[in-house]
Amino acid sequence: MQQQKQHHIGALQEMDANHHLHPFTDTADLAQRGTRIIERADGVYIWDAEGNKLLDGMAGLWCVNVGYGRESIAKAAFTQLKTLPFYNNFFQCTHEPAIKLAAKIADLAPGHMNRVFFTGSGSEANDTNLRMVRRYWDLKGKPGKKTIISRKNAYHGSTVAGASLGGMGFMHQQGDLPIPGIVHIDQPYWFGEGRDMSPEDFGIKTARALEAKILELGEDKVAAFIAEPFQGAGGVIIPPASYWNEIKSILAKYDILFILDEVISGFGRTGNWFAAQTLDLKPDLITIAKGMTSGYIPMGGVIVSDRVADVLVTEGGEFAHGFTYSGHPVAAAAALENIRILEEEGLVDKVRQDTGPYLQDKLQTLAAHPLVGEVRGMGMVGAIELVANKDTLARFDNEIGAGMLCREACIAKGLVMRAVGDTMIISPPLCISRDEIDELIFKASQALSLTLEKIAAQGN
Ligand SMILES: *Cc1c(COP(=O)(O)O)cnc(C)c1O
C-alpha cells in the first residue's frame, strides 16, 4: 500500500515536472527541489500526499477566509451548477446569483459605494480599474488625466496592467513593464527603508511623495492613486499611523481618484468587511477578489462609488469592457454562501474583537527571539522580520537565504508561512481559533530556533 502510494506520488511529480508550468516559479530549480502535492484540507489544516499535516498560516494564498472543508459552499456551488452552470451578463441578460451578490456587496461596502463590476480575478479587476478611471476622466472632459500613481513594491496582480500598476522591479524586468502612464512613488516601509527617522515622520514623508508626484506631473495629468491598505505580497508592510492621515489630506486637496486594492484586506481580514472602514478611507474604487469566495471558486471585482458610477452610468453609454466570466453564476453562488458563513459565525467581528487582537499579542511574543528584528501586524495578518544582528537590526546577506531557510523550517515543524526575502508573513483563515493561534505561534517559534541552528551550521 505504502509503496504503491509512493509510486503514485512519484509518477505525479514526474508528470508535473514535464508538463506543468507553475506561476512565479523557476521551473528548472523546481525540478531539482521537487514538489509537494497538497491532497486535502479541513479547517485551518492542509495535508500533503505523504500524509503530513500542516497548519496553513497563509489561508492558501491569502484567500481561504472561512477555512477549508465548508460543505455548504460545495452545496451552493453544486446546486447552482445543476440549475444554471453558466450564463453571461452581457446583452440585456442577468441572473439571480450575480444580482444578489452585487446587492450584498453594496450593502457591506462603505455607504458611498453601491455598484459592483465583476471579474474573474484581482488582476482583471485592476485592469478594469485602469480602464474605468481613464474612461471617467474622458467623460468628465478631462482626457489629459490618464496617469496612475502607484507605489514601489506594491502588488496589484500579474496581467500587463496589474504588473505595471504593481511596483515589483523583478516583474517589470520581464515583458517591458510598466506600460506608459503608470508611475511609482516610495513605499511606507519603515523597517526596511526609514529607520533613520521616527515611524511618524517617515509616514508623513512617504505620503508627501504623493503630493510631490502630483505636482511634478501636473494635477491635470493624474487620473488616480492606487494603494493596498497594507502591502501584502510586498511583505505585510503596514504604514506608520501618520501615513493615511497625510494621504487623506492630499487626496482631499487634488481632484484625482483613489483606488484601494482590497484583494487581501477585503471580506474581514482587518476586522471590518473592508479596510476602508478600519482605516476610515473613502476610496472611489475598491478592488476585490481572494476572500470574496474564500478561494473556493475564482472571482474578483471592482466596487464602484456613486461618484464614478454616476458619470459612467448617466453619461457613459456603453463601457466597452467585460469578461466571459464576469459575474459567473457558480462563483457568485459560492461568494454568497461564503459571506453568509462570515456573517452567521460573526467572523469579521471576531477578528476585530477577539482573535485578531489575540493573534497580534501572541505574535509580539516572537519579537524576543534572537533572530527577530521586528514584528508587526493588524487584524489577521502579520510579519516577522529576520535580522542577522538583533542589536543593530542589520539584515542578513542575501546569499544566506534566511527567509527560505525559515520557510523550510516552518514546514518541518508543521506550519505554512511565506517568506518575502527575509520577512516571514502570515495571513491565516479568519476562522482560526485561539487554540490554533497558540499552535501557530508555538510552531513559528520552534521554526525560528531551527532556522537559527541552520544558519549557525552554515558558519554564519
Ligand atoms: C493577489 C492580489 C492581486 C491579484 O489577484 P489575482 O486574483 O491573483 O489576479 C491584486 N492585488 C492584490 C493586493 C493581491 O494581493
With rounding to the nearest 0.5 angstrom, report the [atom1] to [atom2] distance, [X] to [Y].
| X | Y | atom1 | atom2 | value |
| --- | --- | --- | --- | --- |
| Asp397 | Ile400 | CG | CD1 | 5.0 Å |
| Cys410 | Leu450 | SG | CG | 9.0 Å |
| Glu193 | Phe202 | CD | CZ | 5.5 Å |
| Leu281 | Phe258 | CG | CZ | 5.0 Å |
| Asp127 | Leu165 | CG | CG | 7.5 Å |
| Leu251 | Leu257 | CG | CG | 10.0 Å |

Counting only heavy atoms not in [X], do more than 12 sit closer than 6.0 Å to its [atom1] atom?
| X | atom1 | value |
| --- | --- | --- |
| Asp220 | CG | yes |
| Lys205 | NZ | no |
| Tyr358 | OH | yes |
| Lys390 | NZ | yes |
| Lys100 | NZ | no |
| Asp26 | CG | yes |
| Lys282 | NZ | no |

Flag the pair [X] / [Y] as yes when at least one side-chain heavy-atom distance between them is below 4.5 Å, and no otherwise.
| X | Y | result |
| --- | --- | --- |
| Val160 | Ile179 | yes |
| His172 | His184 | yes |
| Leu430 | Lys350 | no |
| Met292 | Cys63 | no |
| Ile437 | Thr355 | yes |
| Ile341 | Ile73 | yes |
| Ser427 | Met58 | yes |
| Val381 | Ile426 | no |

Side chain of [X], backbone of [Y]: donor and acceptor closer than 3.5 Å?
| X | Y | value |
| --- | --- | --- |
| Lys145 | Val222 | yes |
| Ser123 | Ser158 | yes |
| Asn114 | Gly111 | yes |
| Arg151 | Glu228 | yes |
| Gln277 | Phe274 | yes |
| Lys362 | Phe442 | no |
| Ser164 | Pro178 | no |

Original post:
With under 30° as parallel and over 60° as perpendicular, where do the rings of Phe117 and Phe319 fit, or are they tilted in between?
Top reply: perpendicular

Holding to side chain to side chain donor-acceptor pair (under 3.5 Å), I want the full list of residues that pass it with [X], two or more places apart in sequence or in another chain.
| X | answer |
| --- | --- |
| Asn129 | Asn126, Thr287 |
| Tyr136 | Arg307 |
| Glu343 | Lys104 |

Is [Y] paired with [X] through a side-chain N to carboxylate O contact shorter than 4.0 Å?
| X | Y | value |
| --- | --- | --- |
| Glu385 | Arg376 | yes |
| Asp138 | Arg135 | no |
| Arg395 | Glu374 | no |

**OP:** Among Val133, Asp284, Ile149, find the one that has a side chain to side chain contact (heavy atoms under 4.5 Å, CB included) with Phe225.
**Re:** Ile149

Original post:
Passes side-chain hydrogen bond (donor to acceptor under 3.5 Å, both in side chains), Asn338 versus Ser294? Steps please.
Top reply: CA-CA 7 Å; Asn338 174 56; Ser294 281; 2.6 Å; yes

**OP:** Dump the intermediate steps for side-chain hydrogen bond (donor to acceptor under 3.5 Å, both in side chains) on Thr278 and Asn272, then the final yes or no.
**Re:** CA-CA 6 Å; Thr278 306; Asn272 285 285; 2.9 Å; yes

Non-hydrogen atoms of [X] and [Y] that approach each other most closely:
| X | Y | answer |
| --- | --- | --- |
| Ala233 | Tyr155 | CB-CB, 3.7 Å |
| Thr119 | Phe323 | CG2-CE1, 3.8 Å |
| Leu347 | Val66 | CD1-CG1, 4.3 Å |
| Val263 | Gly122 | CG2-CA, 4.0 Å |
| Ser265 | Phe230 | CB-CE2, 3.8 Å |
| Ala59 | Pro428 | CB-C, 3.8 Å |

Between [X] and [Y], does any side-chain donor sit less than 3.5 Å from a side-chain acceptor?
| X | Y | value |
| --- | --- | --- |
| Asn89 | Ser326 | no |
| Glu436 | Ser433 | yes |
| Ser449 | His369 | yes |
| Asp306 | His112 | no |
| His321 | Arg131 | yes |

**OP:** Could you name each residue pair satisfying salt bridge (charged side-chain N to carboxylate O under 4.0 Å, His left out) that touches residues 409-435, not counting sequence neighbours?
**Re:** Asp354-Arg434

**OP:** Could you walk me through whether Ile288 and Val302 pass the side-chain contact (heavy atoms from CB on, under 4.5 Å) test, one step at a time?
**Re:** CA-CA 6 Å; Ile288 51 175; Val302 176; over 6 Å; no

**OP:** Could you list the residues that satisfy side-chain contact (heavy atoms from CB on, under 4.5 Å) with Thr392, not counting sequence neighbours?
**Re:** Asn389, Ala394

Original post:
Would Arg269 count as a cation-pi partner of Phe267, with NZ or CZ less than 6.0 Å from the six-membered ring centre and within 45° of the ring normal?
Top reply: no

Side chains of residues 207-219: which donor-acceptor partners sit under 3.5 Å, not counting sequence neighbours?
residue, atom, partner, partner atom, Å
Arg208, NE, Glu246, OE2, 2.9
Glu211, OE2, Lys253, NZ, 2.6
Glu211, OE2, Tyr254, OH, 2.6
Lys213, NZ, Glu216, OE1, 3.3
Lys213, NZ, Glu216, OE2, 3.4
Glu219, OE2, Asp255, N, 2.6

